[in-house]
Each structure stands twice: as C-alpha cells, then as structure tokens.
Amino acid sequence: MNNSNLTLHTDKYQINMMYAHWIHGTHRKRAVFDVYFRKLPFGNGYAVVAGLERIIDYIRKLRFGDEELAYLAEQEEQYKPEFLEELRQFRFSGDLYAMPEGTLAFPNEPLLRVEAPIFEAQLIETAVLNFLNYQTLVATKAARVKQAAPHDVLLEFGTRRAQEADAAIWGARAAYVAGFDATSNMRAGMLFGIPAKGTHAHAWVQSHDTEEEAFMRYAEALPDGVTLLVDTYDTLKSGVPNAIRTAKALEARGMRMSAIRLDSGDLAYLSKKARRMLDDAGLPYVKIVASNDLDEHIIFNLKAQGARIDVWGVGTQLITAADQPALGGVYKMVAREGEDGGLIPVIKISGNPEKVTTPGAKDVYRIVNKETGKAEADYICLKEETDVKEGRRIKLFDPIHPFIHKYVEGYDAQPLLKEIFRGGELVYDVPSLDDVRGYHREQLELFWPEYLRKLNPETYPVDLSTAAWELKRDLIESYRK
Ligand SMILES: Nc1ncnc2c1ncn2[C@@H]1O[C@H](COP(=O)(O)OP(=O)(O)OP(=O)(O)O)[C@@H](O)[C@H]1O
Ligand SMILES: O=P(O)(O)OC[C@H]1O[C@H](OP(=O)(O)OP(=O)(O)O)[C@H](O)[C@@H]1O
Ligand SMILES: O=C(O)c1cccnc1
C-alpha cells in the first residue's frame with residue numbers, strides 16, 4: 001500500500017452523484033454548502049476549530065491519477081469512459097471560506113462555506129468532514145484539559161492508543177493548537193514542528209538487574225534534563241529514593257535531573273509524598289510528571305486534592321476523545337444555481353426543528369462590545385447584507401425564541417469566515433502553528449469566563465439576522481403549502 005493520494009477518500013455516493021450530474025450536464029452548476037455542528041462535545045461551552053491546514057493541503061492535491069481511474073473503471077456502476085476522462089481533468093476551481101484554526105466556534109454557525117461547481121463541492125464533503133470533525137473534537141478536548149491545568153505543562157502521549165496513525169499525528173497537532181506544550185510522537189514533531197518530549201518506559205527499568213542501575217545508566221546516557229519513571233516496583237520505597245540518588249550523582253557532575261514520573265497508584269498522595277522527599281533531599285527543582293489514564297476531570301480532582309504535579313502526560317482519553325468519540329459536524333447544501341445563473345437558497349426540512357437547515361450563502365460575525373472588549377454574540381447574516389459590515393444598528397435575537405431580542409450598535413464586528421480559496425487558487429496566508437496557538441489564546445480572551453467554564457457553561461448566543469430568519473421562515477412556509 002503506497003498510495004497517498006486522498007482523492008478517493010470520499011463516500012461512493014459522492015462519486016455516483018457526480019456521475020449523475022455529469023450524465024445530465026448539470027455538473028458545472030454552482031452550489032453552496034455550509035459545514036456546522038449542532039451540539040457541542042463534552043458539555044463544553046465552545047469548540048476549538050482545527051483541521052483547516054489539512055483541508056487546504058487535501059484540496060490543493062486533488063487529482064484523479066491512473067490508479068484512481070482504473071479503480072473507478074472496475075466499479076459495478078460501469079461509469080462511462082468519458083466521465084473518467086472528465087475526472088482526469090478534475091481540479092478544485094471553487095471558493096472556500098473558513099474559520100481559522102484556533103477559533104472558538106458554536107453550534108449551528110458555519111465553520112466553513114464551500115461555493116463551487118456541484119461536481120467539486122460534492123466530492124470534498126466526506127474528507128472535509130472527516131478532517132474537521134476529528135481535529136476539532138480533539139482540540140476541544142485538549143482545551144478542556146488545558147482549563148483544568150492552565151499553568152502546568154501538558155504532554156500529549158496518545159499515539160499508542162489512537163485510532164491509527166493519522167489520528168495520532170493530527171490529534172497531536174490539534175492538542176498543540178489548544179494549548180498542549182509537546183507531544184511524544186516524533187513524526188508529529190518532525191512534520192509540524194511541535195516540541196517532542198519523552199521520559200522512559202517500565203521496560204527500561206525491567207531490562208536491568210536493579211532500578212538504581214537502570215536510573216544511573218539512563219541518566220548517564222541522557223544527562224541533560226532526564227526524567228525517571230519511579231513506579232516499577234515501589235514508588236516511595238524504591239523509585240523516589242533511587243531517583244534522588246541519581247539526581248545527587250548528576251549534581252556531583254554539575255548536572256540537574258529534570259523530573260520523576262508517577263504512572264500508577266494514588267497520584268495525589270504519591271505526588272505529595274514524593275515532593276516532600278525531593279525537597280528534603282535538596283532537590284526542589286526536580287519536577288513531578290504524572291500519567292495514567294488522565295483526563296480533565298481527574299486532573300481537576302487531583303488539583304483539588306492538593307496533588308503536587310507539575311507536568312501532565314495525557315494519552316488515551318484525549319486522543320480518542322473517549323467520552324464523546326465523534327463531533328457531529330455536517331455539510332449541508334444551502335443554495336444552488338438557478339436557470340438564470342443566480343443562486344437560489346435551498347432548505348432541508350425536518351420534523352426535528354433543530355435539524356432544519358438555514359438557507360442561503362451566509363457570513364458569520366463575532367459581535368464584540370467595544371467597551372468591554374468581550375464577545376456578545378455571533379451573528380449569522382446573508383452574504384449580501386451590509387448592516388453588520390458597516391457597523392449599523394442590528395437586532396440580535398434567539399432564532400428559537402425570536403421574541404427575545406435586543407438591538408446593538410457601536411460594536412466591533414469581526415468576520416469569522418476568511419477567504420481561503422478563490423476560483424481554486426489559495427488566497428489565504430496559512431499561519432504557522434505557533435501563530436495558530438497564539439490566535440487561539442487571543443480568542444479565549446474575547447469571552448467572559450461564564451462561557452468558558454468546563455462545567456455547565458452559559459450558552460453563548462448565536463443569532464440569525466432578520467433577513468436570514470425570514471428567508472428560513474418563508475422557505476419552511478412554502479414547503480408546508
Ligand atoms: N487521587 C486520585 N484521585 C482520583 N483519581 C485518581 C487518583 N489517583 C489516581 N487516579 C486515577 O485513577 C485511575 C486508577 O487507575 P487503575 O485502577 O488502573 O490504578 P493503577 O494505579 O493504574 O493500577 P496499576 O498499578 O494496575 O497500574 C487512573 O485513571 C488514575 O489517573
Ligand atoms: O494513560 P494514558 O493517558 O493513555 O497515557 C499513556 C500511557 O502510556 C504508557 O503506558 P503503557 O502501559 O502503554 O506503557 P509503559 O510500559 O510505558 O507504562 C504511559 O505509561 C501512560 O500510562
Ligand atoms: O514519554 C513518556 O513518558 C510516554 C510516552 C508515550 C506514552 N506514555 C509515556
């Protein structure tokens with residue numbers, strides 16, 4: 001298996017719809033799709049957008065090569081050879097708008113808008129959702145861990161338990177976007193420039209006759225800031241004392257041990273005891289790393305118990321987003337090209353009011369109060385509306401309870417959807433990963449803490465403009481009739 005081409009990383013029904021459009025000559029008609037999720041994961045108050053860099057790379061490289069076309073030619077659908085020739089010429093020629101990575105996002109607002117020939121817009125749905133759903137989910141989980149330990153060092157340790165290799169590296173990157181400090185995955189380090197860090201496993205200790213010998217030899221080989229795992233036999237009786245002896249031996253050579261790692265047992269009790277032992281031995285600079293199936297809840301609890309842990313290694317629970325393994329982001333058509341070449345808004349009706357789509361090509365603005373500098377609401381309006389762009393008075397109302405409303409003016413309206421591709425050309429200056437992290441931190445500053453807290457956060461308002469709301473209402477009415 002040495003094909004890294006992601007062009008067929010799509011569901012077959014996309015290819016079949018593309019074929020049917022091509023058969024009927026409608027494949028060049030333009031369509032607009034929104035990507036959004038309806039429910040926040042983990043009971044969090046916000047999601048952290050991640051996945052755009054991968055989407056950009058994927059779109060730029062879309063090509064049906066010989067292998068892809070040969071595979072399509074074998075399918076039971078017996079696609080016509082001319083269709084396959086059309087695919088050979090395939091390039092993304094559309095427009096794409098997206099929230100930059102690190103943006104705080106909320107339910108029912110477009111994270112991404114695609115305006116492209118239906119042929120292209122349909123092909124990319126599956127992969128766009130795959131990348132955005134997973135990376136946003138892990139970035140959001142990581143943001144929760146970061147909230148539990150905002151001032152400590154966070155290490156991403158998940159690769160061995162991740163849902164395969166791509167999940168490991170893109171998950172490591174998503175965690176870094178949301179504030180993790182380093183990853184244990186060397187390939188993620190190499191590809192993305194994330195700091196790579198590591199301690200050692202129990203196997204290192206087990207491969208020696210004694211724990212003390214194991215520690216000394218590890219420190220000899222890697223004297224610069226070594227971290228020793230102290231729980232192989234007995235944390236307090238042998239692990240910590242042996243680590244102290246090793247630290248003293250390093251000191252005698254003018255070097256400093258970095259940390260010990262606790263990986264089992266009662267982490268609150270053991271960290272307090274170990275801290276005392278290290279301090280009493282004159283080693284206050286030796287830090288304590290903890291790992292063992294940690295998540296934001298356990299970290300929060302350990303802190304409440306007064307645990308003396310400086311560095312947290314978080315693996316399984318983060319990389320698998322264990323308490324909610326999928327973000328339900330969807331890709332829904334909101335407009336299509338009519339006979340006259342103009343765009344016609346379209347809707348998907350559902351018995352469940354939350355599932356009715358919001359028609360029309362739309363923009364999203366973050367309405368920021370100029371006095372407080374804090375975000376008041378996100379405002380979704382039709383693309384052609386100018387009131388918000390020009391800072392005029394706008395009505396903010398809850399689309400589920402439209403009678404609850406207020407007017408705002410004198411605000412700062414920050415457009416959240418940035419132009420990424422125009423006519424198939426990348427027009428976005430892709431930021432460095434460290435800039436993405438910095439932007440994410442700035443995003444957090446925009447929100448009152450009530451919206452950010454881990455437990456039972458306040459619901460941040462996501463409002464529709466009057467015109468967008470009326471369009472939705474009118475379309476629902478017209479289908480009722
Ligand atoms: N003081 C604590 N309060 C709450 N949770 C804790 C505390 N100490 C450890 N934990 C968590 O409790 C869980 C204990 O896991 P487990 O029952 O596997 O114990 P263990 O110590 O890892 O056992 P083993 O020696 O078999 O590895 C882990 O998720 C760990 O992070
Ligand atoms: O617990 P997580 O959050 O998933 O973090 C990663 C875990 O992976 C390692 O354990 P493992 O038992 O795989 O190997 P080891 O022999 O190095 O302990 C490490 O010791 C952590 O406990
Ligand atoms: O470096 C470590 O301590 C590490 C790396 C991966 C998984 N668990 C621990």
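Order of listing sets the numbers, starting from 1, for every ligand and every atom in it. Since the model is a prediction, treat every value here as computed from it, not as a measurement.
In this structure, Ala50 and Thr136 approach most closely via the heavy-atom pair O-OG1, 3.0 Å. The two residues Val138 and Ala175 have their closest heavy-atom pair at CG1-N, 4.5 Å.
When hydrogens are left out, the protein atom nearest atom 4 (O) of ligand 2 is Thr316 OG1, 2.4 Å; that is the closest non-hydrogen contact. With respect to atom 14 (O) of ligand 2, the closest heavy atom belonging to the protein is Arg160 NH1, 3.1 Å. Closest to atom 6 (C) of ligand 1, if we only count protein heavy atoms, is Ile298 CG2, 4.2 Å. Ranking protein heavy atoms by distance to atom 17 (O) of ligand 2, first place goes to Ala201 CB, 3.2 Å. Annotation: atom 23 (O) of ligand 1 to nearest protein heavy atom, Ser264 CB, 4.5 Å. Closest to atom 8 (N) of ligand 1, if we only count protein heavy atoms, is Leu267 N, 2.9 Å. Taking atom 22 (O) of ligand 2 as the reference point, the nearest protein heavy-atom neighbour is Asp263 OD1, 2.7 Å. Of the protein's heavy atoms, Gly315 N, 2.8 Å lies nearest to atom 3 (O) of ligand 2. The protein heavy atom nearest to atom 19 (C) of ligand 2 is Arg261 NH1, 3.5 Å. Closest protein heavy atom to atom 12 (O) of ligand 2: Arg161 NH2, 3.9 Å. Closest protein heavy atom to atom 1 (O) of ligand 3: Thr199 N, 2.8 Å. At the top of the distance list for atom 1 (O) of ligand 2, counting protein heavy atoms only, stands Asp293 N, 2.7 Å. In terms of protein heavy atoms, atom 8 (N) of ligand 3 is closest to Phe157 CD1, 3.6 Å.
Using a cutoff of 4.0 Å between basic side-chain nitrogens and carboxylate oxygens, Glu115 and Arg113 are scored as salt-bridged. A salt bridge does not link Asp224 to Arg256: none of the charged side-chain nitrogens sits closer than 4.0 Å to a carboxylate oxygen. Using a 4.0 Å cut-off between charged nitrogen and carboxylate oxygen, Arg63 and Glu68 do not count as a salt-bridge pair. A salt bridge links Asp166 and Arg54; the closest N-O separation between the charged side-chain nitrogens and carboxylate oxygens is under 4.0 Å. The pair Glu156-Arg173 fails the salt-bridge criterion, with no side-chain N (NZ, NE, NH1 or NH2) lying under 4.0 Å from an Asp/Glu carboxylate O. A salt bridge links Lys141 to Asp323: at least one charged side-chain nitrogen sits closer than 4.0 Å to a carboxylate oxygen. The pair Arg217-Glu220 does not meet the salt-bridge criterion, since no charged nitrogen lies less than 4.0 angstrom from a carboxylate oxygen.
For the residue pair Ser291/Asp263, the side-chain donor-acceptor check at 3.5 Å is satisfied. Between the side chains of Asp293 and Gln317, at least one donor N or O sits under 3.5 Å from an acceptor N or O.
Note: Trp170 and Phe192 meet the aromatic proximity criterion, with ring centroids under 6.0 Å apart.
Taking any N or O of Gly265, backbone or side chain, at least one lies under 3.5 Å from an N or O belonging to ligand 1.
Atoms of ligand 3 lying under 4.0 Å from any heavy atom of Gly198, numbered from 1 in the order shown and given with element: 1 (O). Taking every non-hydrogen atom of Leu294 and a distance limit under 4.0 Å, the qualifying atoms of ligand 1 come out as 31 (O). Counting atoms of ligand 1 from 1 in the listed order, those under 4.0 Å from a heavy atom of Ala268 are 1 (N). Shown in contact with Arg160 at under 4.0 Å from a heavy atom are these atoms of ligand 3, numbered in order with element: 6 (C), 7 (C). Against a heavy-atom cut-off of under 4.0 Å, Asp266 is close to the following atoms of ligand 1: 1 (N), 2 (C), 8 (N).
Cation-pi contact between Arg245 and Phe215: absent, since separation from the ring centre below 6.0 Å together with deviation from the ring axis within 45° is not met. Taking the ring centre of Phe300 as origin, the terminal cationic atom of Lys454 falls inside the region bounded by 6.0 Å and 45° from the ring axis.
Within the structure, the closest approach of His202 to ligand 2 falls below 4.0 Å when heavy atoms are considered. Ligand 2 is never approached by His200 to a heavy-atom distance shorter than 4.0 Å.
Checking His297, His202, Gln305, Lys272 against atom 1 (N) of ligand 1, the nearest heavy atom belongs to Gln305. The nearest non-hydrogen atom to atom 15 (O) of ligand 1, considering only Asn292, Leu302, Asp293, comes from Asn292.
Put simply, atom 17 (O) of ligand 1 has no protein non-hydrogen atoms near it, under 4.0 Å away. Using a 4.0 Å threshold on non-hydrogen atoms, atom 12 (O) of ligand 1 does not count as touching the protein. For atom 26 (O) of ligand 1, no protein non-hydrogen atom is found at a distance below 4.0 Å.
Each of Tyr46, Phe447, Tyr36 was checked for a ring pair (Phe, Tyr, Trp, His ring centres under 6.0 Å) with Phe106, and the lone residue meeting it is Phe447. Of the listed residues (Arg38, Arg366, Lys362), just one forms a salt bridge (Lys or Arg N to Asp or Glu O under 4.0 Å) with Glu109, and that residue is Arg366.
At a 4.0 Å heavy-atom cut-off, ligand 1 does not touch Asn301 at all.
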